[in-house]
Amino acid sequence: MPTQTFEFQVEARQLLQLMIHSVYSNKDVFLRELVSNASDALDKLRLAALRDDTLDADVSDLHIEIEIDKDARTLTVRDNGIGMSYDEVGQLIGTIAHSGTATLLKELKEAEDGAGAEGLIGQFGVGFYSGFMVADEVTLVTRRAGESQGTRWTSRGEGTYTLEKVDDAPQGTAVTLHLKPADPDNQLHDYASEWKIREIVKRYSDFITWPIRLVPQAATAEGDDSAREPETLNSMKALWARSRDEVSDDEYHELYKHIGHDWRDPLETIRLQAEGTFEYQALLFLPSHAPHDLFTQGFQRGVQLYVKRVFIMDDCEALLPPYLRFVKGVVDAADLSLNVSREILQQDRHIRMMQRRLTKKVLSTVKDMMTGAPDRYATFWREFGAVLKEGLVTDPENRDAILAVSSFATTHGDDEPTTLKGYVERMKDGQEHIYYITGESRQSVENSPHMEAFRDRGIEVLLLTDPVDEVWVDAVGEYEGKALRSVTKGEIDLGARGDEKGDDEREKQTEEYADLLGWMKEQLDEDIKEVRLSSRLTVSAACIVSDAQDLTPALENMYRAMGQEVPRTKRILEINPDHRLVKGLNQAYKEREDRTVLAETTELLHGLAVLAEGGQPKEPARFVKLVADRLERTL
């Protein structure tokens, strides 16, 4: 097949230009990314060979080679791993098939300094492109294990690339960089020098489990016997198998960056070693920021499974529950089979035992951060609180432990979140329930009419604005004997204040408004099941509430978005008998026989109540017309 020229995908072209021309504080990152990709390819081949005895692939000496040609100023990173087919090269290198590409471009453009931009490499799986920071041209030659024909890809990073099939490609992948001239002023080092390559590998890739060999340049003079054997640059020591006092924090951080494809240090490092009937070692990390696709379907988890130092899989879902999917790390078990499958893992009692212990260890670490390092805990909760709260619904066994490390925004303070324990300690005398409100944002829930009586009486309310909050409050139900009560559901009895009407006065109001309430119910019968006087309103004329056992509108919408049909629930309209509009409506109802205009007023009152809680009138066009007509009459 002749050489073909293609244009980069638009996003890939934009990304290349940003990476080539942005100012990076440390261009050494390119080698770390290429070595990491090579290591992944070797892991994948080892795993494929274990699962497929018929795979025609050489796995006798899996390794990574780095070769320097000082005269030609080229640097080649070569592996004999899984390799890529012709189609895979076009898909994986010619385009960026990743849902976060647009987000990456936006963040790269907004990064104010080199370090900010540098922190995004690897996070989006585009490490290969970092080679263009140091090279004028990049050539990739690859052959997939088990196939007979290879592929050559070449580009100068200027918008196009070429693809051709080759017959003499060895198994694996070789990336050759045609290096730019050294430019110390722009932090562009001489990457054709052996000492620099040794330094980078030792700093970033010493823990890689495959040998990284530096191939000496061939002798140039005839009869020169100074040729050296390839030199292994990395120690290949598994950090999780070494004692804590033998490993520095920097080494742990570099391992995290390798397996987590992240350029920031982790927030916390967690070590665990189990001995006895079932032995395993774990080295886990809590990231310092949430990945952009944490809540997308198919999110790749970050815990790798090894068996006796042999890599088995890199996103082992069985080791931690879904609500801890952000945790990165390594688990090395001594007593599992090397050909263990995901299906077997789901049923293995040892794996379930490991999951329980690892989960408890992560939660206890978060609790220690909460008490001993509140700043780091605040970062953790800001980044991962929403996903951790999923466990309140899905993991009853650890519900108390999750609640103990959960914190929530509250009306008690603008900045400081509270725990449920802190809330209970501040409860007013006689207060029986823990009150909360759910919504899309703090501003919207704080301004909700449902909050008026609570604000008036100084009763603290939890402000829950994550989608999962709609679900977990029902699953948990109560804390230390105090029921969790929504301020938007059921009837609210906060007790009377000294300046409020007594029970007799409230009974008189109920009797006075009885006819109006019944008539309003008739007018709004398609949309509501009851109209009643409100004890939660002090300023607004009306609000919409749900029965205590009903689904909230947000939860109904959530179920429908997941494809589950739920019956439409009629809700309750509460009106404020002390509001001038409601008083006037009641007076007009008693005095007028023609109630056409009053019916429109009732419809408007209901629509305004729906809008106030963030909903939408059933017929927005009709509602707008009624408002316009009413405004016109006031002119």
Side-chain angles (χ1 to χ4, degrees), residues 1-22 24 27 29-31 33-38 40-41 44-45 72-109 117 120-180 261 293 298:
M1 177 183 288
T3 301
Q4 291 183 285
T5 300
F6 300 89
E7 286 193 1
F8 278 107
Q9 180 191 36
V10 174
E11 291 89 345
R13 190 160 57 247
Q14 292 175 334
L15 177 62
L16 278 169
Q17 293 307 307
L18 281 168
M19 296 188 77
I20 293 169
H21 299 295
S22 293
Y24 288 85
K27 290 183 171 61
V29 297
F30 84 92
L31 185 57
E33 286 298 313
L34 295 180
V35 168
S36 181
N37 290 346
D40 289 344
K44 290 175 182 177
L45 180 61
R73 285 198 58 76
T74 62
L75 175 68
T76 300
V77 179
R78 183 183 299 111
D79 68 74
N80 56 346
I82 193 70
M84 289 179 282
S85 66
Y86 182 90
D87 290 338
E88 286 173 331
V89 172
Q91 293 167 4
L92 300 176
I93 306 299
T95 63
I96 305 178
H98 201 294
S99 61
T101 302
T103 304
L104 170 61
L105 290 169
K106 179 175 180 289
E107 294 194 24
L108 273 171
K109 290 174 182 176
L120 297 167
I121 301 179
Q123 182 179 348
F124 291 81
V126 293
F128 171 79
Y129 294 90
S130 63
F132 285 98
M133 292 190 298
V134 301
D136 292 319
E137 182 177 288
V138 177
T139 300
L140 176 145
V141 178
T142 183
R143 176 170 66 84
R144 186 168 182 82
E147 295 187 359
S148 59
Q149 196 167 46
T151 304
R152 178 182 288 111
W153 178 99
T154 305
S155 177
R156 296 185 64 85
E158 296 173 347
T160 63
Y161 62 93
T162 62
L163 269 181
E164 63 177 313
K165 292 187 176 180
V166 293
D167 295 323
D168 56 350
Q171 170 189 300
T173 301
V175 179
T176 299
L177 307 178
H178 299 265
L179 298 169
K180 297 176 181 179
H261 300 289
D293 55 349

Would Val138 and His178 count as a side-chain contact (heavy atoms from CB on, under 4.5 Å) here? Give the steps. CA-CA 6 Å; Val138 177; His178 299 265; over 6 Å; no
Any chance you could lay out the side-chain contact (heavy atoms from CB on, under 4.5 Å) test for Asn37 and Val77, step after step, and finish with the verdict? CA-CA 10 Å; Asn37 290 346; Val77 179; over 6 Å; no
So Lys180 and Val134, side-chain contact (heavy atoms from CB on, under 4.5 Å) or not? Walk me through it. CA-CA 6 Å; Lys180 297 176 181 179; Val134 301; 5.7 Å; no
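The aromatic rings of Trp153 and Phe128 lie perpendicular to each other, with more than 60° between the two planes, well past the 30° mark.
Remark: Arg144 CZ to Thr151 OG1 distance equals 11.5 Å, nearest 0.5 Å. Atom OG1 of Thr176 and atom CD of Glu137 lie 10.0 Å apart (nearest 0.5 Å). Between the CG atom of Leu34 and the CG atom of Leu177 there is a distance of 6.0 Å, given to the nearest 0.5 Å. Rounding to the nearest 0.5 Å places OG of Ser36 at 11.0 Å from CG of Leu31. Considering CG of Asn80 and CZ of Arg143, their distance stands at 10.5 Å, rounded to 0.5 Å. To the nearest 0.5 Å, atoms CE (Met84) and CD (Glu147) are separated by 11.5 Å.
Residues Thr173 and Gly83 share a closest heavy-atom pair of OG1-CA, 3.7 Å. Of all heavy-atom pairs between Thr76 and Ala174, the closest is CG2-CB, 4.2 Å. In terms of heavy-atom proximity, Thr142 sits nearest to Ala169 at O-CB, 4.2 Å. Nearest heavy atoms, Leu179 versus Leu75: CD1-CB, 4.1 Å. The nearest pair of heavy atoms linking Gly81 to Ala145 is O-CB, 4.4 Å. In terms of heavy atoms, Arg156 sits closest to Phe132 at C-CE2, 3.6 Å.
Screening Val89, Leu140, Thr154 for a side-chain contact (heavy atoms from CB on, under 4.5 Å) involving Leu163 leaves a single residue, Val89.
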